[in-house]
Student: 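Below is one structure. I have some questions about it.
Hydrogens, waters and symmetry mates are skipped; everything else that's a heavy atom, side chains included, is used. Since the structure is predicted, the reported quantities are computational estimates derived from the model, not experimental observations.
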Amino acid sequence: MKSLVVEHPGLLVLADRGVPEPGPGEVRLRVERAGICGSDVHILHGSNAFARYPRVIGHEFYGRVDAVGDGVAVAAGTRAVVDPVISCGHCYPCSVGRPNVCVELQVLGVHRDGGFSEFCLVPAANLHVIPDCITDEQAPLIEPFSVAANITDHTGVFDQDVALVYGAGAIGLTIVQVLKYVHGVKTVIVTDRIDERLVAAQANGADRVINTAHRGLADALAADGIRPTLVIDAACHPAILGEAIEIASPAARIGMMGFSTDPCTIIQQKITSKELSIHSSRLNSHKFAKVIDWVASGRLHPERLITHRFPVADFEAAFDAFEHHPTECCKVLLSF
């Protein structure tokens, strides 16, 4: 089988590997579509501290059941997506419904081989059957939308919120859709430094966009008397938290999704004087079923994020488009 492998930081190859056999409790998936994520690029460049090499990357993928191990009752040919979060089930985070921060956490495509391969072994418990109304191209995007569902569940969302989303990349756009189309937020504002991404934000439900390459965000909001009640950072720059604390309304919630190791400076008094709530979010915690329902019911539109499609043999062009063409590229799909 063909597998897209990061042999070591800086070297991505399409390798020939043997087709794996599923063990007890496992499913072998014949992968059909997979989406490139920023974390895949971080693993390629050696900036993901959790990755071990060599590694078959990819955690946004869809396919059909090809074979099953002992104890698994799912028919061959069943269409399915896979939650990449694998947890122990008995540590403290798992016991309180937070398997995404399990003390023994493994993530497909990071800690163990993922879905950029013609065949992939996955735990049957992580398999989610999808209905026929979800298309082959929509299916891989269940995972990034589960990330959006995770942060919005943490922060809570009210229809009267004035929501501000930092960043109009793929994750920012999933958050915009969840805020607008699922929760019915009346005002969703998106900020970015690339005009084309802000156009995409409007196409995905944003009511207002602000290009901070041309105008300071605080000034733009203050000019209209806007104090966001919900702020979600999907741009992940260390300076954002301090600014979010400054511009947020009293009693606002702030959601953080970044993994930067760079320090940031915040002032405690500005948090407590407003009684702000600050939430962090990683991956997803059992959100796949919810997102599948949202997509199946037509509330979410994953296809709006897809800008590029490549066969896996053209992986170099696919990664080049994802990394180096931010004005025209959002979500890249690989076909196997």
Side-chain angles (χ1 to χ4, degrees), residues 1-23 25-67 69 79-87 99-100 102 104-128 130 136 139-147 170-171 259 282-284 287-288 291 310-313 315-316 318-319 322-323 331-336:
M1 67 177 183
K2 297 294 186 182
S3 300
L4 204 52
V5 185
V6 180
E7 293 287 357
H8 56 73
L11 180 60
L12 181 63
V13 300
L14 191 60
D16 285 307
R17 290 187 161 194
V19 177
E21 291 298 323
E26 288 187 323
V27 171
R28 185 172 72 207
L29 202 69
R30 174 65 172 90
V31 177
E32 296 188 5
R33 302 281 193 284
I36 298 177
C37 174
S39 61
D40 299 317
V41 175
H42 293 156
I43 294 171
L44 171 59
H45 294 308
S47 56
N48 184 318
F50 305 108
R52 298 293 178 268
Y53 303 91
R55 178 62 63 230
V56 177
I57 52 177
H59 58 274
E60 305 173 5
F61 58 100
Y62 148 81
R64 296 176 186 268
V65 173
D66 181 70
R79 302 172 71 237
V81 290
V82 179
D83 186 340
V85 175
I86 301 173
S87 58
N100 52 319
C102 170
E104 298 177 21
L105 177 68
Q106 290 191 316
V107 180
L108 292 171
V110 182
H111 304 87
R112 55 193 283 185
D113 285 345
F116 284 1
S117 185
E118 290 181 295
F119 296 93
C120 179
L121 291 185
V122 302
N126 290 60
L127 197 76
H128 290 264
I130 58 172
D136 292 357
L141 275 70
I142 298 295
E143 194 281 334
F145 274 95
S146 76
V147 173
I171 291 300
F259 255 106
R282 182 182 184 188
L283 302 166
N284 90 96
K287 306 302 181 190
F288 264 59
V291 173
F310 295 90
V312 69
F315 70 91
E316 292 175 319
F319 273 77
F322 185 85
E323 282 194 78
K331 182 55 66 176
V332 177
L333 288 190
L334 297 172
S335 57
F336 290 82

Student: Under the criterion side-chain contact (heavy atoms from CB on, under 4.5 Å), which of Leu29, Leu333, Val81 is the partner of Phe61?
Tutor: Leu29
Student: Of all residues at least two apart in sequence or in a different chain, which pass the salt bridge (Lys or Arg N to Asp or Glu O under 4.0 Å) check with Arg28?
Tutor: Glu21, Asp66
Student: If the condition is side chain to side chain contact (heavy atoms under 4.5 Å, CB included), which residues does Ala125 pass it with, not counting sequence neighbours?
Tutor: none
Student: Among all residues two or more places apart in sequence or in another chain, which pass the ring-ring contact (aromatic ring centres under 6.0 Å, His included) test with Phe310?
Tutor: none
Student: Identify the residue among Ile57, Val82, Val56 that makes a side-chain contact (heavy atoms from CB on, under 4.5 Å) with Leu108.
Tutor: Val82
Student: Name all residues meeting the side chain to side chain donor-acceptor pair (under 3.5 Å) criterion together with Arg30; count only those two or more places apart in sequence or in a different chain, and write none if there are none.
Tutor: none
Student: His42: which residues meet the ring-ring contact (aromatic ring centres under 6.0 Å, His included) condition with it, sequence neighbours left out?
Tutor: none
Student: Check ring-ring contact (aromatic ring centres under 6.0 Å, His included) between Phe259 and all other residues, then give those that pass, not counting sequence neighbours.
Tutor: Phe50
Student: Under the rule for side chain to side chain donor-acceptor pair (under 3.5 Å), what residues qualify as partners of His111, not counting sequence neighbours?
Tutor: none
Student: Who pairs with Pro9 by side chain to side chain contact (heavy atoms under 4.5 Å, CB included), at least two apart in sequence or on another chain?
Tutor: Tyr53
Student: Can you run down the side chain to side chain donor-acceptor pair (under 3.5 Å) pairs that involve residues 117-128, sequence neighbours left out, and say none if there aren't any?
Tutor: Ser3-Ser117
Student: Using the salt bridge (charged side-chain N to carboxylate O under 4.0 Å, His left out) rule, collect all pairs that involve residues 31-53, keeping only residues at least two apart or in two chains.
Tutor: Glu32-Arg64
Student: Among residues at least two apart in sequence or on other chains, which ones pass side chain to side chain contact (heavy atoms under 4.5 Å, CB included) with Leu14?
Tutor: Lys2, Leu4, Val312, Phe315
Student: Check side chain to side chain contact (heavy atoms under 4.5 Å, CB included) between Glu323 and all other residues, then give those that pass, not counting sequence neighbours.
Tutor: Val41, Leu44, His45
